[in-house]
Participant: 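Can you read through this structure? Questions will come right after.
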Amino acid sequence: MFALIDCNNFYVSCERVFNPALCNWPVVVLSNNDGCIISRSQEAKALGLPMGAPVFKHRQLLEKHQVVMFSPNFALYGDMSSRVMNTLGDLLPDIEIYSIDEAFADLHGFGRFSLQELARTVRDTIRKHTGIPVSVGIGATKTLAKVANHLAKKQARYRGVCVLDDELKTVEALQGVPIEEVWGIGRAYARRLHAQEVHTALDFAMLEPDLVRRQMHITGARVHHELRGNSCLPLEQVRPAKKSICTSRSFGRKVTGLEELENAVGSFAAKCAVKLRKEDLYAGLVKVFVHTDAFDRQGKYYRGSRTAALPVITRSTFGIVQYALAILHVIFREGYAYQKAGVILDGLTNASPECVTPSLFGEYDGSRDDDAKVMHALDAVNGRYGSGTLRLAIESQRGWKQRMEKLSPRYTTRWEDIIEVRG
DNA sequence: TCTGGGGTCCTAGGACCC
DNA sequence: TCTGGGGTCCTAGGACCC
C-alpha cells in the first residue's frame with residue numbers, strides 16, 4: 001500500500017501558522033508580481049475564487065469580502081515544507097518527497113497496524129509539530145493513493161483520512177471522482193475522454209487497455225493500469241539529478257532598453273549558476289529567452305530565444321553570465337516592450353570538467369582553477385551574510401523588479417523577522 | 001524500370017505535474 | 001493598468017551515420 005500525505009492549502013496554511021487571527025477568514029497567496037491567485041483558503045474557495053485566476057479580474061470580490069492577500073514568501077514555505085517532511089520522515093521510514101507540499105510513503109511492513117490509525121497519527125503529529133494541516137490518502141498504487149487523498153480533502157465525512165484497502169471501497173471511490181481530477185489526466189485528455197462518454201475515474205478504468213495505450217501513449221496506459229490496482233510507478237526515495245535549471249521573471253513594468261534587459265538576464269544567469277553549484281552539477285548549454293506581453297493584443301509581439309553550447313562545461317557565474325549576455329545581444333530587437341525574460345541551463349552533468357575534452361581554441365574555460373576558488377568564496381560569503389551580499393555589477397540595476405507589496409516576514413529563516421512574544 | 005537496412009542524436013511541440 | 005514560475009516525460013520528424 002502507498003500513502004499520499006498532502007498539505008491543505010499549503011501556502012495559506014504557512015501564513016496562518018504565524019498569524020492565527022487569519023483562521024476562518026478568506027486568505028489567498030499570490031504569484032510573483034502579485035499577479036495570480038496560487039493558494040486559497042477554504043473560505044476563499046467558497047467565495048468562488050478560481051485557482052490561478054488573475055487578481056485584477058476578481059478585484060471586486062476580493063475587496064467586498066476583505067480577502068487577505070499575501071505576496072509569495074518562498075523562503076517561509078520552503079522552510080515549513082522541510083519541517084513537515086522531517087516530521088513525516090520520523091514517522092514513516094520510506095518516503096518520497098514529491099513536491100513542496102506532498103510526499104508519498106511506501107507502507108509495506110505496516111500490514112499488522114490499522115492503516116486508519118496510522119494515518120490519523122501522521123496527521124495529528126504533523127499538525128502538532130508544525131501547525132500545518134494535512135490530508136492522508138492510502139491505496140494500492142500511487143495513483144489510487146492520490147484518488148484517496150482527493151476524497152479525504154473533498155468530503156467532510158472522511159475528516160482528512162481516506163483508506164482504500166479493499167476492492168469495493170476502491171470502486172466506489174473511483175465512481176465519485178471526475179476524470180479530470182485523476183493524477184496524470186490533464187485538460188487535453190479530459191476533454192477527449194468526456195467526448196467519449198468517459199466522465200469518472202471508474203469509466204476510465206473500465207476502458208480496454210489497448211485503446212488507452214493507442215490514444216494516450218505510455219503515460220496514459222500507466223495511469224490506467226494504476227487505477228486498476230497494478231502498481232507501475234515505484235517510490236523514488238532518492239531525488240534524481242536535475243536535467244535543467246531555469247530562472248525567469250515577468251517584469252514589474254515593461255522594459256524597452258537593452259541595458260535594462262542585460263541587468264535582468266545577467267541576474268537570472270547568476271541565479272542559475274548558484275542553483276547549479278548547489279546541485280553539484282555543470283552546464284553544457286545556456287538558453288536565453290525574452291518576450292513581449294502575450295496578452296496584449298494591441299502592442300507589437302515578439303519572442304526570441306537561442307541556445308548556445310558552452311565550449312567547456314562550467315558552473316562559473318562568470319562564464320554563464322557572459323554567454324547569456326552574448327545570446328541576449330543576438331535575440332534583442334529594438335522597439336519592443338519586453339514583459340518577461342529567462343535563462344535556462346541544460347545539458348547538465350556531474351562529470352568534472354577535467355574529464356571533458358577542453359576547447360582547442362582556448363575560449364572561456366570555466367574549469368579554470370581560479371574561477372572555482374572565486375565561486376567557492378562567493379558562495380561562502382553569500383551563505384553566511386545573505387544572498388546578494390557579493391554579486392556582479394550587472395546584477396545591481398533592478399528597475400524591472402517585481403511588485404511584492406504584501407510580503408510577510410521570513411519568520412523562520414531571518415533573525416530580524418523572528419516573532420516576539422510578550423508576557 | 002529498377003534505389004536497403006539498421007541505427008543514433010537532436011529538437012520542437014504537446015502533455016502533464018506542483 | 002493589472003495574467004507566475006519551475007520542472008518532467010514522450011513522440012514525431014529531420015538529419016545524420018555506416
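Atom set for the values below is all heavy atoms of this structure, side chains included, hydrogens, waters and symmetry mates excluded. In the text below, chain A, chain B and the rest are named by the order of the sequence lines, each starting its count at 1.
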Participant: Please list, by residue number, the residues of residues 61-91 of chain A whose heavy atoms come closer than 4.0 Å to an atom of DNA chain C; answer none if no residue qualifies.
Facilitator: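 When residues 61-91 of chain A is checked for heavy atoms under 4.0 Å from DNA chain C, there are no hits whatsoever.
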Participant: Would the A/Phe2 and A/Phe104 ring centres measure less than 6.0 Å apart?
Facilitator: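 Centroid separation for A/Phe2 and A/Phe104: 6.0 Å or greater.
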Participant: Got a salt bridge between A/Asp293 and A/Lys254, using NZ or NE/NH1/NH2 to carboxylate O under 4.0 Å?
Facilitator: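 Looking at A/Lys254 together with A/Asp293, the answer is yes, because their closest N to O distance falls below 4.0 Å.
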Participant: Regarding A/His65 and A/Glu43, is there a side-chain donor-to-acceptor distance under 3.5 Å anywhere?
Facilitator: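 A/His65 vs A/Glu43: no donor-acceptor pair found between side chains.
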Participant: From C-beta outward on A/Ser99, which listed nucleotide comes closest to its side chain: B/dC18, C/dT3, C/dT8?
Facilitator: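 Of the options given, the side chain of A/Ser99 lies nearest B/dC18.
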Participant: Using side-chain contact (heavy atoms from CB on, under 4.5 Å), reason through A/Tyr338 and A/Arg333 one step at a time and then give a plain yes or no.
Facilitator: CA-CA 10 Å; A/Tyr338 294 94; A/Arg333 298 274 180 283; 3.7 Å; yes
Participant: Using a 4.0 Å heavy-atom cut-off, does A/Arg191 contact any base of the nucleic acid, only the sugar-phosphate backbone, or nothing at all?
Facilitator: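 Result for A/Arg191 = nothing.
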Participant: Assign A/Asp34 to base, sugar-phosphate, or nothing according to its heavy-atom contacts below 4.0 angstrom with the strands shown.
Facilitator: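 Since no nucleic acid heavy atom lies under 4.0 Å of A/Asp34, the category is nothing.
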Participant: Identify which nucleotide among C/dG4, C/dC10, C/dG6 has an atom closest to any side-chain atom of A/Cys246, counting heavy atoms from C-beta outward.
Facilitator: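 Nearest to the side-chain atoms of A/Cys246, counting from C-beta on, is C/dG6.
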Participant: In the 5'-to-3' direction, what one-character label does each nucleotide of nucleotides 11-16 of chain B receive under the scheme B = base within less than 4.0 Å of a protein heavy atom, S = sugar-phosphate only, - = no such atom?
Facilitator: ----SS
Participant: A/Ile344 and A/Cys246: which non-hydrogen atoms are nearest, and at how many Å?
Facilitator: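 So the minimum-distance heavy-atom pair works out to CG1-SG, 3.8 Å.
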Participant: Please tell me which of A/Ala241 and A/Arg249 maps to the more 5' nucleotide of DNA chain C, matching each residue to the nucleotide holding its nearest heavy atom.
Facilitator: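 Closest to the 5' end, via its nearest nucleotide, is A/Arg249.
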Participant: So, for A/Arg315 and A/Arg277, which heavy atoms are closest and what is the spacing to 0.1 Å?
Facilitator: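 Minimum heavy-atom contact is O-NH1, 2.9 Å.
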Participant: Could you run through DNA chain C and flag its stems, i.e. three or more consecutive Watson-Crick or G-U pairs with both distances under 3.5 Å?
Facilitator: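 As far as DNA chain C goes, consecutive pairing (with distances under 3.5 Å) yields the stems B:5-18 with C:5-18.
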Participant: Any base atoms under 4.0 Å from A/Thr307, or only sugar-phosphate, or nothing? Heavy atoms, all strands.
Facilitator: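 Contact class for A/Thr307: none.
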Participant: What's the CD-P distance between A/Glu236 and C/dT8, to the nearest Å?
Facilitator: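 That distance rounds to 12 Å.
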Participant: So, applying side chain to side chain contact (heavy atoms under 4.5 Å, CB included) with A/Cys7, which one of A/Ile126, A/Thr130, A/Asp101 is it?
Facilitator: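 Exactly one candidate clears the test, A/Asp101.
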Participant: Does A/Ser244 have a side-chain nitrogen or oxygen under 4.0 Å from the phosphate oxygens OP1 or OP2 of C/dT8?
Facilitator: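 For A/Ser244, the contact criterion (side-chain N or O under 4.0 Å from OP1 or OP2 of C/dT8) is met.
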Participant: With a 6.0 Å cut-off on the ring centroids, do A/Trp183 and A/Tyr189 count as close?
Facilitator: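 Centroid separation for A/Trp183 and A/Tyr189: 6.0 Å or greater.
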Participant: What nucleotide among C/dG4, C/dC10, B/dC17 has an atom nearest to a side-chain atom of A/Lys146?
Facilitator: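 Comparing C/dG4, C/dC10, B/dC17 against the side chain of A/Lys146, the answer is B/dC17.
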Participant: Starting from P on B/dC9, measure out to CG on A/Asp346 and report it in whole angstrom.
Facilitator: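 Rounded to the whole Å, the gap is 17 Å.
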Participant: Reckon A/Ser250 has a side-chain N or O less than 4.0 Å from the OP1 or OP2 of C/dT3?
Facilitator: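 For C/dT3, neither OP1 nor OP2 has a side-chain N or O of A/Ser250 closer than 4.0 Å.
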Participant: Test A/Arg239 against A/Glu279 for salt bridge (Lys or Arg N to Asp or Glu O under 4.0 Å), laying out the working first.
Facilitator: CA-CA 11 Å; A/Arg239 180 167 68 81; A/Glu279 296 285 325; 3.1 Å; yes
Participant: Check whether any side-chain nitrogen or oxygen of A/Lys243 sits under 4.0 Å from OP1 or OP2 of C/dC9, and answer yes or no.
Facilitator: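 Yes, because at least one side-chain N or O of A/Lys243 sits under 4.0 Å from OP1 or OP2 of C/dC9.
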Participant: Between atom CG in A/Asp293 and atom P in C/dT1, what is the gap in whole Å?
Facilitator: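 After rounding, the reported distance stands at 12 Å.
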Participant: At under 4.0 Å between heavy atoms, what does A/Ile245 touch on the DNA or RNA strands: base, sugar-phosphate, or nothing?
Facilitator: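 Sugar-phosphate contact only - A/Ile245 comes under 4.0 Å of backbone atoms but never of a base.
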Participant: Report yes if a side-chain nitrogen or oxygen of A/Arg253 is closer than 4.0 Å to either non-bridging phosphate oxygen (OP1 or OP2) of C/dC2; otherwise report no.
Facilitator: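 False: A/Arg253 side-chain N/O out of range (4.0 Å or more) of C/dC2 OP1/OP2.
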Participant: For A/Asn32, which contact category applies under a 4.0 Å heavy-atom criterion: base, sugar-phosphate, or nothing?
Facilitator: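 Answer is sugar-phosphate: A/Asn32 comes under 4.0 Å of backbone atoms only.
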Participant: Does a donor on one side chain sit under 3.5 Å from an acceptor on the other, for A/Thr292 and A/Gln339?
Facilitator: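 Judged by distance alone, the side chains do not pair up.
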Participant: Rounded to the Å, how far apart are A/Lys340 NZ and C/dG4 P?
Facilitator: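 Rounding to the nearest Å, NZ of A/Lys340 and P of C/dG4 are 7 Å apart.
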Participant: Report yes if the ring of A/Phe56 lies under 5.5 Å from the six-membered base ring of C/dT3 with planes under 30°, and no otherwise.
Facilitator: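 It does not: the two rings, one from A/Phe56 and one from C/dT3, miss the stacking criterion.
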Participant: Verify whether one side chain among A/Arg222 and A/Thr143 offers a donor that lies under 3.5 Å from an acceptor in the other.
Facilitator: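 No, A/Thr143 and A/Arg222 have no side-chain donor paired with an acceptor closer than 3.5 Å.
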Participant: If you pin A/Arg222 and A/Thr247 to their nearest nucleotides in DNA chain C, which one's is more 5'?
Facilitator: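 Its nearest nucleotide being more 5', the pick is A/Thr247.
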Participant: Provide the closest heavy-atom pair for A/Lys153 versus A/Ser135 in the form atom of the first, atom of the second, distance.
Facilitator: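 Residues A/Lys153 and A/Ser135, closest heavy atoms: CG-OG, 3.4 Å.
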Participant: Are A/His58 and A/Gln60 close enough that a side-chain donor and a side-chain acceptor fall under 3.5 Å?
Facilitator: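 No - no donor-acceptor pair under 3.5 Å links their side chains.
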Participant: Report the distance from atom CD of A/Gln339 to atom P of C/dT1, rounded to the nearest whole Å.
Facilitator: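 Checked: the CD to P distance equals 16 Å.
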Participant: Using whole Å, report how far CG of A/Leu49 lies from C1' of C/dT3.
Facilitator: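 From A/Leu49 CG to C/dT3 C1': 15 Å.
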Participant: Nearest whole Å is fine: how far is C/dG7 P from A/Leu276 CG?
Facilitator: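 About 11 Å, once rounded to whole Å.
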Participant: Measure from the side-chain heavy atoms of A/Gln402 and tell me the nearest of C/dC10, C/dT3, C/dG5.
Facilitator: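 It is C/dG5.
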Participant: Please report, rounded to the nearest Å, how far the P atom of C/dC9 is from the CD1 atom of A/Ile218.
Facilitator: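 It works out to 14 Å between those atoms.
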Participant: Would you kindly say whether A/Tyr301 and A/Arg303 are connected by a side-chain donor-acceptor distance under 3.5 Å?
Facilitator: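 Side chains of A/Tyr301 and A/Arg303: pair found under 3.5 Å.
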Participant: P atom, B/dT3 versus C/dC18: distance in rounded Å?
Facilitator: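 After rounding to an integer number of Å, I get 24 Å for this pair.
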